[in-house]
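Have a look at the structure below before the remarks.
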Protein chains: 2
Amino acid sequence: MAKKLDEWHGCPMRYAAAMIGDRWKLLILRDLTLKGARRYRDFLDAGEGIATNILASRLVQLEDAGIVNREQDPKNAARTIYSLTPKGTDLIPTLLAMIAWSAQWDPETEVPASFERALRSDAEALAHEIRDKLPQFAGE
Amino acid sequence: MAKKLDEWHGCPMRYAAAMIGDRWKLLILRDLTLKGARRYRDFLDAGEGIATNILASRLVQLEDAGIVNREQDPKNAARTIYSLTPKGTDLIPTLLAMIAWSAQWDPETEVPASFERALRSDAEALAHEIRDKLPQFAGE
DNA sequence: TGAACCGCTTGCAATTCGCAAGTTACCGAA
DNA sequence: TTCGGTAACTTGCGAATTGCAAGCGGTTCA
């Protein structure tokens with residue numbers, strides 16, 4: 001029997017797999033981290049074809065995991081703003097490691113040369129740069 | 001967000017998400033990389049409760065992706081040996097980034113202090129160390 | 001030669017996914 | 001102040017995937 005969802009803790013790979021081991025969650029994190037997505041529609045329109053019910057479920061899971069923050073836009077109550085929490089921004093090095101791997105092994109993947117150079121020469125600095133450009137949510 | 005980060009449209013993350021964006025694949029990679037798993041039964045017995053049909057399907061997908069190699073044990077034709085290809089071992093930094101994240105954010109993490117220390121001080125060296133200890137498959 | 005093991009495969013019920021349509025709330029213009 | 005449009009979901013339903021258990025063909029060992 002598969003481990004219950006409350007038995008995630010302990011093994012770090014099991015924890016990470018449970019939290020972000022999902023195609024759609026990774027794409028949502030990409031959009032938040034690298035594409036400036038902040039609203040529900042941004043994710044829907046990201047070009048990956050995620051269904052709206054799946055998007056809603058993944059955003060709830062990421063919020064419950066403490067990775068994503070959800071808040072009402074103070075200037076427009078009809079709008080919701082999604083952002084990365086500190087726990088979420090701490091995933092940037094993981095995303096960058098994936099990008100470096102894909103850049104090396106997927107012949108059809110296009111990573112800008114400047115980006116890949118920055119990644120290979122100093123990934124930590126690039127991670128900081130990306131993090132510092134992210135908008136902060138109101139709770140921070 | 002800065003245009004520099006918008007030049008490409010998520011291809012590398014889409015590729016990585018498609019290849020390893022799955023809970024079971026990440027656990028299989030963990031077992032291969034860190035737990036010395038080499039045979040079908042090793043994965044079944046890893047304690048995660050993966051179903052045998054799911055395991056078989058994921059191993060095929062990882063093999064098709066060029067991440068995992070499957071070969072017959074030359075000393076026992078009834079046995080199959082699974083191992084990481086170079087494309088697979090190049091995922092070690094990604095796994096280590098996930099482990100570092102989990103070690104930081106899972107309050108019940110079981111990452112040994114010595115491992116975490118090695119990870120934080122020189123992740124690249126640790127990745128090499130892990131890779132060098134892996135068995136090579138016959139094709140290499 | 002037969003029992004045991006190994007690596008799967010199959011059958012089936014239950015869960016999850018993906019698509020499309022519907023719903024609720026808010027905002028801005030008339 | 002109402003009305004149309006937008007934003008963020010929610011619901012319904014058929015299809016695909018998952019999880020569980022049993023089965024199966026090949027190989028090794030006693």
Side-chain angles (χ1 to χ4, degrees), chain A residues 1-8 14 17-28 31-32 35-65 68-84 135 137-138, chain B residues 14 17-28 31-32 35-65 68-84 135 137-138:
Chain A
M1 178 176 45
K3 286 229 168 192
K4 298 257 176 180
L5 297 186
D6 55 354
E7 294 172 6
W8 287 350
R14 179 163 63 230
M19 294 292 169
I20 61 167
D22 174 84
R23 173 170 137 71
W24 294 122
K25 287 183 192 173
L26 289 174
L27 293 173
I28 289 168
D31 294 341
L32 278 168
K35 296 182 80 178
R38 303 189 69 194
R39 303 220 314 268
Y40 192 86
R41 185 138 294 278
D42 294 338
F43 304 109
L44 279 184
D45 295 344
E48 301 293 344
I50 188 171
T52 173
N53 56 337
I54 304 300
L55 173 59
S57 82
R58 294 305 188 279
L59 286 171
V60 167
Q61 288 170 24
L62 287 170
E63 197 191 353
D64 288 348
V68 160
N69 178 258
R70 181 176 178 276
E71 60 186 327
Q72 199 179 53
D73 186 338
K75 288 167 187 160
N76 185 338
R79 291 186 172 179
T80 302
I81 294 174
Y82 290 96
S83 57
L84 291 168
F137 67 87
Chain B
R14 185 188 312 133
M19 293 291 169
I20 60 167
D22 174 84
R23 171 169 138 71
W24 294 121
K25 288 183 190 172
L26 289 174
L27 292 173
I28 288 168
D31 293 342
L32 279 168
K35 293 198 160 184
R38 304 190 70 194
R39 304 220 316 267
Y40 193 85
R41 184 138 296 275
D42 294 338
F43 304 109
L44 279 184
D45 296 344
E48 302 293 343
I50 187 170
T52 173
N53 56 337
I54 304 299
L55 173 59
S57 82
R58 294 305 190 277
L59 286 170
V60 167
Q61 289 170 25
L62 287 169
E63 196 191 355
D64 289 348
V68 159
N69 179 257
R70 172 202 270 129
E71 60 187 329
Q72 198 179 54
D73 186 337
K75 289 165 186 163
N76 185 336
R79 292 186 173 179
T80 303
I81 294 175
Y82 291 94
S83 58
L84 290 169
F137 67 88

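Letters A, B, ... are given to chains in the order of the sequence lines, protein chains preceding strands, and every chain is numbered from 1.
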### Query
Can you list the steps and then say if B:N69 with B:L84 is a side-chain contact (heavy atoms from CB on, under 4.5 Å)?
CA-CA 6 Å; B:N69 179 257; B:L84 290 169; over 6 Å; no

### Listed partners of B:R70 passing salt bridge (charged side-chain N to carboxylate O under 4.0 Å, His left out), at least two apart
B:E63

## Note on the structure
Rounded to whole Å, CG of A:L55 lies from P of D:dA8 at a distance of 10 Å

### Message
Which residues pass the side-chain contact (heavy atoms from CB on, under 4.5 Å) test with B:D45, not counting sequence neighbours?
### Response
B:R41

### Query
Could you give the CD1-to-P distance, from A:I54 to D:dT10, as a whole number of Å?
13 Å

### Query
Can you give the first and last nucleotides of DNA chain C, 5' to 3', that have an atom under 4.0 Å from a heavy atom of chain A?
C:dC17 to C:dC27

### Summary
Judged by nearest nucleotide, the residue sitting upstream toward the 5' end of DNA chain C, B:T52 or A:Q61, is B:T52

Set out, line by line, the N/O atom pairs under 3.5 Å between protein and nucleotides 23-27 of chain D.
residue	atom	partner	partner atom	Å
D:dT27	O3'	B:A78	N	3.4

### Message
Ignoring hydrogens, what is the shortest heavy-atom contact between A:A37 and A:F43? Give both atom names and the distance.
### Response
CB-CE2, 3.6 Å

### Task
Scan residues 72-84 of chain A for pairs that pass salt bridge (charged side-chain N to carboxylate O under 4.0 Å, His left out), counting only residues two or more places apart or in two chains.
none

#### Entry: Nearest heavy-atom neighbours spanning A:A77 and A:Q72
O-NE2, 3.2 Å

Listed pairs, N/O of protein and of nucleotides 12-17 of chain D, under 3.5 Å:
none

### Query
How about A:V68 and A:L32: do any of their side-chain heavy atoms sit closer than 4.5 Å?
yes

### Upstream residue (5' side of DNA chain C) when A:K75 and A:S57 are each assigned their closest nucleotide
A:S57

Contacts table for residues 51-62 of chain B: side-chain donor-acceptor under 3.5 angstrom, sequence neighbours left out:
residue	atom	partner	partner atom	Å
B:T52	OG1	B:Y40	OH	2.7
B:S57	OG	B:I54	O	2.9
B:R58	NE	B:D22	OD1	3.4
B:R58	NE	B:D22	OD2	3.0
B:R58	NH2	B:D22	OD1	3.2
B:Q61	OE1	B:K25	NZ	3.0

### Query
Hey, is the main chain of A:R39 close enough, under 3.5 Å, to the side chain of A:D42 for a donor-acceptor pair?
yes

### Query
A:E71 CD to D:dA8 P: how many Å, rounded?
13 Å

### Task
For B:F43, report the nucleic acid contact type (base, sugar-phosphate, nothing); a contact means any heavy atom under 4.0 Å.
nothing

### Query
How is A:T80 classified with respect to the nucleic acid when contacts are heavy atoms under 4.0 Å: base, sugar-phosphate, or nothing?
sugar-phosphate

### Query
Hey, which of B:T80, B:I81, B:D31 is the one that makes side-chain contact (heavy atoms from CB on, under 4.5 Å) with B:R38?
B:I81

## Note on the structure
Rounded to whole Å, CG of B:L44 lies from P of D:dA21 at a distance of 13 Å

### Query
Taking all atoms of both residues into account, what is the closest heavy-atom pair of A:K35 and A:A46, and its distance?
NZ-O, 3.7 Å

